[in-house]
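Computed over heavy atoms, backbone and side chain alike; hydrogens, waters and symmetry mates excluded. Computed from a predicted model, the values in this text were never measured in an experiment.
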Amino acid sequence: MEKDPLESLNSRQREAVLATEGPLLILAGAGAGKTKTIAERIRHLVRKGVAPSSILAITFTNKAAKEMRSRVEAMLSEDRTLNKPISMNERPFVSTFHSLGVHILKEQSTKIGIRRHFTIFDRDDSKKAIKESLEKAGLDTKTHEPNKIMSMISKEKGRGMKAEDYADRGGFGYFSTVVGQVWVEYEKILKRDNALDFDDLLLKTRDVLRDNTEIRNFYRQTWRYVHIDEYQDTNRVQYEIAQLLVGEEKNICVVGDIDQSIYSWRGADIKNLLDFEKDYPDAIAILLEENYRSTKTILDAANAVIEKNKLRRKKNLFTSKDFGEKIGIFQGFDEVSEAEFIAEKTQKLLKDGAPAEEIAVLYRANFQSRVLEEAFMRHGIPYQMLGTRFFERREVKDIVSYVRAGLDPECLSDVKRVINVPARGIGKTTIAKIFSGFESDLPATMKRKIGDFRELLKKIGDNIKTMRASETIAYIIKASGLEMEWKSDGEEGAARLENAYELVSFAARYDHLSGEEGIEAFLTDAALQSDQDEMREDGKAVRLMTVHASKGLEFNVVFISGLEDGLFPHEKRDANLSPEEAEEERRLFYVAVTRARMKIFLSYAQVRTVFGSREVNLPSEFIYDIPEELTEEETFHEDGIPRKPLISIDF
């Protein structure tokens, strides 16, 4: 007789699985088994007779979606109580919000008047478009920071704002006026290139669901049971999409943890989770507090730190695990000695048999990574730094642009990017004439070159319809001339060619899909890759990353560096912080602490060079929030000589 899967759950998890009808709020602490709970809830729904295709589950990262999808599909395929195997068309729909947006917009493209083969602008594409928009608006690209403008536009789109509405507001100061002018031009470029940026994938999906009753009802009838993970990280538009997808039965299950809300800077609104029971008065709320990840020492430290926040629903993580090792605290003289300590301690852990991929070094700000990388290189420690994105490499973006231009030869930005890559003797002046409508004025030899290029794009477009995705990428590498160029370009060219072949391997994931469908899936996933997607599961290397990038991950050993007042917690220069934002740094530290299963090292420097300036630091207040009995002082064995920190920590 098959064992009941509910027996593997604790009482709270079981309660969440069985509460299938109506609104449900699951407040899940770090490491409390939320993925398992959601997966078991989906299996239970199917066991009850709900069609798998009637179930929607939205997560926040591709990695989390992949994990959820594989776990659910394995559960359903292995469950002998189900009458038949689950076919591709009957699977639950598991995706991120952005992937869901792509799915809906492509599926409804004819009805809503957009082209199915729209381009998805990644951050780099958007930044280039912002620079072009500044020029079109007659503004200096050196005086006005494109990244800052792009961030403001992104945040406003996340609130549901549109360019025309923002520009019409007026009276918000010089910077807002600049943003308004640039935004209008930016939207023109998106339209010209048949492109949507990341925020448009959500904003336009919201508009389609809100403004078209037929389409809204179609998806409500398609997905009768909606699950949303990391609900505390939803922005206004994501919140509205969730509301619009829920039908009259109100079968919505949201999972979140107020204590892990760390994305207000990109529009996340903690009130979406805090107000869930106001939005759905009949909601059941279930608290998951038993942690299956960390030792008691780590959880006691996490609880002590987070309890100082006021905007939260009180919970106390607990575990049946042992106390485990104390939290090590190291004080270095400067950032170099701090990095040396981390590298030396890591080296000892590796010699003692710790897997490199189970060690993570976290930092608050990206600039901290340089000195850590240098220390790891000096010690010969294998490491992987998250944040160096494969899909942002020049050669990879060139190939992707060839794919997009093959699908849509009218996409100006992609054609511009590759028309002279590799060099075809088509210079900037010629390109300017082509796109200004003066191509007929060009000499015959130049017209032939342009004609050859257009013929190449046509062949790529034709091959996309008949070839598998990996074959299309391999064809582009050869037919474009890129392979020949890289082979003759020494070590740098060899590295680029290696990355190009890696892209072929990536595309092979979509070879089971036919023609355009495979390439479309390839382009969507390539555009929506996150830092975590760059982390290879088989990579035997220590992970270096920001605390933000570590969200959702876990490791045996975690180093949290740079714990200095002004760095972590980070100095906030904006005096008008909301209460939610004021408490966010503490939530961020809580996230860092709860990434660890077995051991934590906290470190800080008395003196640190920040942007060329030497600064004397006080230890972070977070260190003092941890009870003294949970910590121990770490020594530094530089050159094999044990040394105590210069100043002992006084708790």
Side-chain angles (χ1 to χ4, degrees), residues 106 109 115-122 125 192-195 391 393-428 430-431 433-435 439-440 442-489 493 496-527:
K106 284 184 180 291
S109 58
R115 286 153 69 180
R116 180 179 174 85
H117 298 307
F118 58 78
T119 295
I120 301 173
F121 268 16
D122 62 18
D125 295 325
R192 179 196 72 192
D193 288 354
N194 185 35
F391 284 92
R393 290 178 169 89
R394 188 181 82 194
E395 59 274 18
V396 174
K397 289 185 74 68
D398 287 343
I399 296 168
V400 170
S401 278
Y402 266 113
V403 176
R404 299 195 317 201
L407 278 171
D408 182 8
E410 301 302 315
C411 183
L412 192 62
S413 60
D414 287 314
V415 172
K416 263 186 176 180
R417 182 180 182 97
V418 296
I419 194 170
N420 203 41
V421 176
R424 298 182 174 89
I426 303 174
K428 290 182 179 179
T430 300
I431 294 171
K433 285 185 177 181
I434 293 170
F435 294 116
E439 187 175 337
S440 59
L442 296 171
T445 53
M446 187 58 67
K447 287 179 180 177
R448 277 197 298 273
K449 290 178 182 179
I450 295 165
D452 290 343
F453 172 72
R454 289 199 172 117
E455 183 60 28
L456 171 63
L457 294 187
K458 183 179 183 305
K459 286 180 180 177
I460 292 171
D462 291 342
N463 287 340
I464 285 171
K465 296 172 185 175
T466 58
M467 286 183 172
R468 291 182 295 186
S470 63
E471 293 171 338
T472 297
I473 303 303
Y475 171 80
I476 289 169
I477 294 168
K478 289 182 181 295
S480 64
L482 287 169
E483 183 178 58
M484 187 180 296
E485 180 179 84
W486 291 330
K487 281 183 175 178
S488 62
D489 194 22
R496 294 192 188 284
L497 189 56
E498 190 176 310
N499 287 331
Y501 291 152
E502 178 63 27
L503 189 63
V504 175
S505 299
F506 177 86
R509 301 180 192 180
Y510 309 92
D511 282 351
H512 65 284
L513 300 171
S514 60
E516 289 187 7
E517 189 181 1
I519 278 294
E520 282 184 10
F522 161 81
L523 288 175
T524 297
D525 287 355

Donor-acceptor contacts, no H, no angles, side chain residues 397-407, under 3.5 Å, sequence neighbours left out:
{"unit_1": "K397", "atom_1": "NZ", "unit_2": "D122", "atom_2": "OD1", "d": "3.3"}
{"unit_1": "K397", "atom_1": "NZ", "unit_2": "D122", "atom_2": "OD2", "d": "2.6"}
{"unit_1": "D398", "atom_1": "OD1", "unit_2": "R417", "atom_2": "NE", "d": "2.8"}
{"unit_1": "D398", "atom_1": "OD1", "unit_2": "R417", "atom_2": "NH2", "d": "3.3"}
{"unit_1": "S401", "atom_1": "OG", "unit_2": "K397", "atom_2": "O", "d": "3.3"}
{"unit_1": "S401", "atom_1": "OG", "unit_2": "D414", "atom_2": "OD1", "d": "2.8"}
{"unit_1": "Y402", "atom_1": "OH", "unit_2": "V418", "atom_2": "O", "d": "3.3"}
{"unit_1": "Y402", "atom_1": "OH", "unit_2": "V421", "atom_2": "O", "d": "2.4"}
{"unit_1": "Y402", "atom_1": "OH", "unit_2": "R424", "atom_2": "NH1", "d": "3.2"}
{"unit_1": "Y402", "atom_1": "OH", "unit_2": "R424", "atom_2": "NH2", "d": "2.6"}
{"unit_1": "R404", "atom_1": "NE", "unit_2": "D414", "atom_2": "OD1", "d": "3.2"}
{"unit_1": "R404", "atom_1": "NE", "unit_2": "D414", "atom_2": "OD2", "d": "3.0"}
{"unit_1": "R404", "atom_1": "NH1", "unit_2": "I120", "atom_2": "O", "d": "3.1"}
{"unit_1": "R404", "atom_1": "NH2", "unit_2": "D125", "atom_2": "OD2", "d": "3.3"}
{"unit_1": "R404", "atom_1": "NH2", "unit_2": "D414", "atom_2": "OD1", "d": "3.0"}

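R115 meets the salt bridge (Lys or Arg N to Asp or Glu O under 4.0 Å) test with D408; sequence neighbours excluded. For R448, there are no salt bridge (Lys or Arg N to Asp or Glu O under 4.0 Å) partners at least two apart in sequence or on another chain. E517 pairs by the side chain to side chain contact (heavy atoms under 4.5 Å, CB included) definition with L513, S514, not counting sequence neighbours. Qualifying salt bridge (Lys or Arg N to Asp or Glu O under 4.0 Å) partners for D193, counting only residues two or more places apart in sequence or in other chains: none. Remark: K458 pairs with D462 by the side chain to side chain donor-acceptor pair (under 3.5 Å) rule, at least two apart or across chains. Residues passing the ring-ring contact (aromatic ring centres under 6.0 Å, His included) test with Y510, sequence neighbours excluded: F506. Judged as a side chain to side chain contact (heavy atoms under 4.5 Å, CB included), and not counting sequence neighbours, the contacts of E483 are I477, K478, K487, L497, Y501. E516 pairs by the side chain to side chain donor-acceptor pair (under 3.5 Å) definition with H117, not counting sequence neighbours. Scanning for side chain to side chain donor-acceptor pair (under 3.5 Å) contacts around R116 gives E520, with sequence neighbours left out. Partners of S470 under the side chain to side chain donor-acceptor pair (under 3.5 Å) rule, at least two apart in sequence or in another chain, are D511.
Interatomic distance, CD1 of I450 versus OG1 of T430, reported as 6.5 Å (0.5 Å rounding). Atoms CD1 and CE, on I473 and M467 in that order, are 11.0 Å from each other to the nearest 0.5 Å. One finds the CG atom of D452 at 11.5 Å from the CZ atom of R454 (value rounded to the nearest 0.5 Å). Rounding to the nearest 0.5 Å gives a distance of 4.5 Å between CD1 of I476 and CD1 of I460. The line from CZ of R496 to CD of E485 is 9.0 Å long, rounded to the nearest 0.5 Å.
Here the closest heavy-atom approach between residue P409 and residue V415 is recorded as O-CG2, 3.4 Å. Listed here is the closest heavy atom pair of A507 and A469: O-CB, 3.6 Å.
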Please determine whether side chain to side chain contact (heavy atoms under 4.5 Å, CB included) holds for the pair E455 and K459, giving the CA-CA distance in whole Å, both sets of side-chain angles, and the decisive distance to 0.1 Å. CA-CA 6 Å; E455 183 60 28; K459 286 180 180 177; 3.9 Å; yes

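Each salt bridge (charged side-chain N to carboxylate O under 4.0 Å, His left out) pair with one or both residues in residues 468-477, not counting sequence neighbours, appears once here: R468-E471.
Within the 4.5 Å cutoff, the side chain of F118 has heavy atoms near those of the K106 side chain.
Proximity of a side-chain donor or acceptor of N463 to a complementary backbone N or O of T472 within less than 3.5 Å is not detected.
In K447, the NZ atom is crowded: over 12 heavy atoms of neighbouring residues, nucleotides or ligands sit closer than 6.0 Å.
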